[in-house]
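Everything below concerns the one structure shown next.
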Amino acid sequence: MKKLLLILGALSFVFLLTNAQSNSTTQISKQNNIDTLFMDGVLVKKQFVNKAGRQINEVFDLYLVNENIETFVKISGGNYKTKDLEKYLGKQMLYAVEMRDGNWDTQDGNHEMQSRIGKYCVILKISEN
């Protein structure tokens, strides 16, 4: 029974992924104020600027651009590391993402706290258009 449910779930995901390619954004689900959706967009890298307005060399943020709207990509919580995402920079792809609202920055003591708060996404899956 578990195998059947897994197969049906996988087929549903493929079906949703295939149908979502015709739209730039398609909502999959909404739970606990987290929207899970497909976004047709381009991943871009921008130099990090701290809250004092200084550009920090060798530190970059990733953004997903969809219909000229840039959404910050938070690496923690997603299924990809920064080095995995770099191969998709500048390419038009289909992204399965969770849209969230909260702290952008990791609060692990290794980074200067920036107090960046707002809407962001985490990337769950990437497919070619």
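Treat the numbers as computed from the prediction; the structure is a model and nothing was measured.
Relative to the ring axis of F72, K119 does not place its NZ or CZ within 45° and under 6.0 Å from the centre.
The heavy-atom pair separating G102 from Y120 by the smallest distance is N-CE2, 3.7 Å.
Legend: residues meeting side-chain hydrogen bond (donor to acceptor under 3.5 Å, both in side chains) with K45, ordered by chain and number and at least two apart, are absent. For F60, there are no ring pair (Phe, Tyr, Trp, His ring centres under 6.0 Å) partners at least two apart in sequence or on another chain. Residues meeting the side chain to side chain contact (heavy atoms under 4.5 Å, CB included) test with Q55, sequence neighbours left out: Q47, V49. With sequence neighbours left out, the side chain to side chain contact (heavy atoms under 4.5 Å, CB included) criterion links D84 to Y80, K81.
We find the NZ-CG distance between K74 and D61 to be 12.0 Å, quoted to the nearest 0.5 Å. The line from CE of M39 to CD of E67 is 8.5 Å long, rounded to the nearest 0.5 Å. A distance of 7.0 Å separates CG in L43 from CD1 in I126, rounded to the nearest 0.5 Å. The distance from the SG atom of C121 to the CG atom of D35 is 12.0 Å, given to the nearest 0.5 Å. Separating the CG atom in N50 from the CD1 atom in I56 is a distance of 4.5 Å, to the nearest 0.5 Å.
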Exercise for review: For the pair V97 and V122, evaluate side chain to side chain contact (heavy atoms under 4.5 Å, CB included) and give the outcome as yes or no after the intermediate values.
Suggested key: CA-CA 6 Å; V97 301; V122 295; over 6 Å; no
Exercise for review: Evaluate the side chain to side chain contact (heavy atoms under 4.5 Å, CB included) criterion for residues E70 and L64: first the C-alpha distance (whole Å), next the side-chain angles of each, then the deciding distance (0.1 Å), finally the verdict.
Suggested key: CA-CA 6 Å; E70 293 181 348; L64 184 55; over 6 Å; no
Practice item. I would like to know whether L124 and T36 meet side chain to side chain contact (heavy atoms under 4.5 Å, CB included); could you show each step before the answer? Key: CA-CA 9 Å; L124 305 174; T36 303; 4.1 Å; yes
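Clustering ILVMFWY residues whenever any of their side-chain heavy atoms sit less than 4.5 angstrom apart, transitively, puts L89 in the very cluster that holds I123.
Sorted by first and then second residue, the side-chain hydrogen bond (donor to acceptor under 3.5 Å, both in side chains) pairs with a member in residues 86-98 read D40-Q92, E98-R100; sequence neighbours excluded.
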